[in-house]
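Please read the structure below before turning to the comments.
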Amino acid sequence: MEMAKTLKGEGLEGRQEQWSQGWYAGFKGELKNEAGKPVEVFGTFLSSDKFTANLKPNAGNTAGDWGMIAGPASYRWGGEWLCAYKGTKVPKLAKEFVKFVTADDEFLKKWVKSTGTSGTVINNIVANTNVINAIKDTYTEPFLNGQNSYAEFAALAQNVNGALPQATDQSIEQFWGEAVGSFVNGEKSKADAIADFKRHIKDELGY
């Protein structure tokens, strides 16, 4: 909370909400402040899949100007799921399709190299150890000026604790974001913001 307040107070963050037009404008180098003056974005925090799904297609002509570094801690945010619906008329084909998309070495190698969706393959690290080991030392990402981001993601994925996520994570994240925002914007003291956060957790989630 203190770090977030310092970042805002010293003008070190873009003052844009995630998923907002301003957030995307920052990717392109088109972000402006309240006075209409350009704001240069130094960097952004993203998970591996958001790098592919959000940054790359919305970065305008800034491809090649970016680089990727590991954050201070490995984390997991959601995940990809592939399911066959109950009652399908072709259960055996559905099973083979799921196996092919998630665990076929040759398909996944081509997928990574042709689409750059490295995050998806990294997320399935248990099934894709062969693919990861085959790609991680030679992969290059043109958007990152040839950097091997795949090797970075592969190393980070080893430290993700899959036992930590639970069903209430999204609600807790929302409450925490509201608490931090109210403190950063001067609407509440730090103590009051934390107290309200705990109250929301107790009232809404029963903890």
Side-chain angles (χ1 to χ4, degrees), residues 1-60 62 65-80 118-119 122-123 143-144 147 149 152-153 155-207:
M1 294 178 81
E2 294 291 350
M3 183 179 293
K5 191 163 188 175
T6 297
L7 289 172
K8 181 172 182 178
E10 297 185 8
L12 300 176
E13 45 83 53
R15 304 191 182 191
Q16 303 299 320
E17 294 290 332
Q18 193 175 36
W19 319 121
S20 69
Q21 290 185 348
W23 189 60
Y24 286 110
F27 296 166
K28 304 175 184 177
E30 299 176 357
L31 181 61
K32 296 182 180 181
N33 63 16
E34 295 86 347
K37 293 183 179 181
V39 175
E40 185 175 2
V41 173
F42 175 77
T44 185
F45 289 91
L46 295 169
S47 54
S48 57
D49 60 325
K50 298 301 182 290
F51 163 68
T52 301
N54 296 94
L55 178 59
K56 289 178 68 175
N58 293 285
T62 66
D65 293 339
W66 295 85
M68 176 263 182
I69 61 171
S74 295
Y75 71 97
R76 174 187 181 276
W77 189 24
E80 285 76 22
S118 57
I122 286 293
N123 285 345
F143 184 84
L144 301 177
Q147 181 184 3
S149 55
E152 294 276 6
F153 288 135
L156 289 169
Q158 298 291 341
N159 298 317
V160 173
N161 188 341
L164 294 177
Q166 55 185 345
T168 55
D169 285 354
Q170 187 172 359
S171 296
I172 293 173
E173 180 182 348
Q174 178 183 342
F175 294 144
W176 180 245
E178 292 171 355
V180 174
S182 64
F183 170 65
V184 168
N185 295 323
E187 299 165 0
K188 298 178 183 177
S189 67
K190 183 178 179 180
D192 287 344
I194 292 175
D196 286 345
F197 165 71
K198 292 181 178 180
R199 178 175 55 78
H200 282 308
I201 298 297
K202 182 178 181 180
D203 292 348
E204 300 293 331
L205 305 178
Y207 292 165

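Remember, predicted model here, so these are calculated numbers, not experimental data.
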Quick one: pull up OG in Ser47 and CZ in Phe153 and give me the separation to the nearest 0.5 Å.
-> 8.0 Å
Given the rule in the side-chain contact (heavy atoms from CB on, under 4.5 Å) test, do Gln174 and His200 qualify, once you have shown the distances and angles that lead to the verdict?
-> CA-CA 10 Å; Gln174 178 183 342; His200 282 308; over 6 Å; no
Is the shortest heavy-atom distance from the side chain of Phe197 to the side chain of Ile172 under 4.5 Å?
-> yes
Spacing of CG belonging to Leu55 relative to CG belonging to Leu144, to within rounding of 0.5 Å | 8.0 Å
Separation of Thr168 OG1 from Glu204 CD (nearest 0.5 Å) | 12.0 Å
Derivation of the side-chain contact (heavy atoms from CB on, under 4.5 Å) call for Lys56 and Trp66 = CA-CA 10 Å; Lys56 289 178 68 175; Trp66 295 85; over 6 Å; no
Determine the minimum heavy-atom distance between Leu156 and Ala70, stating which atoms define it.
-> CD2-CB, 3.7 Å
Please assess Phe45 against Lys50 for the test side-chain contact (heavy atoms from CB on, under 4.5 Å), listing each intermediate value before the final yes or no.
-> CA-CA 9 Å; Phe45 289 91; Lys50 298 301 182 290; over 6 Å; no
Inter-residue atom distance Glu30.CD - Lys32.NZ, 0.5 Å rounding | 8.5 Å
Which of Lys5, Lys188, Glu178 passes side-chain contact (heavy atoms from CB on, under 4.5 Å) with Phe183? It is Lys5
Counting only N and O atoms by type, is there a donor-acceptor contact under 3.5 Å from the side chain of Asp196 to the main-chain atoms of Ala193?
-> no
Gln18 CD: over 12 foreign heavy atoms closer than 6.0 Å = yes
Compare all side-chain heavy atoms of Asn58 with those of Trp23 and state whether any distance is below 4.5 angstrom.
-> no
Got a sec: does the CD1 of Ile69 have more than 12 other heavy atoms crowding it under 6.0 Å?
-> no
Looking only at heavy atoms, what is the nearest atom pair of Gly22 and Leu31, with distance?
-> O-CD1, 3.5 Å
Answer whether the closest heavy-atom distance between the side chains of Asn54 and Trp19 falls below 4.5 Å.
-> yes
Please answer whether the main-chain N or O of Gly14 pairs with a side-chain N or O of Gln16 as donor and acceptor at a distance below 3.5 Å.
-> yes
Between the CD1 atom in Ile194 and the CH2 atom in Trp176, the distance rounded to the nearest 0.5 Å is 5.5 Å
For the residue pair Arg199 and Phe175, establish whether any side-chain heavy-atom pair is separated by less than 4.5 Å.
-> no
Can you measure from CD (Glu152) to CE (Met68) and round to the nearest 0.5 angstrom?
-> 5.0 Å
Does Glu13 reach the main-chain N or O of Ala4 with its side chain, forming a donor-acceptor pair under 3.5 Å?
-> no
Does Glu187 CD have over 12 foreign heavy atoms under 6.0 Å away?
-> yes
Looking only at heavy atoms, which two atoms of Val184 and Met1 are closest? And how far apart?
-> CG2-O, 4.4 Å
Check whether any side-chain heavy atom of Val39 sits under 4.5 Å from a side-chain heavy atom of Arg15, and report yes or no.
-> no
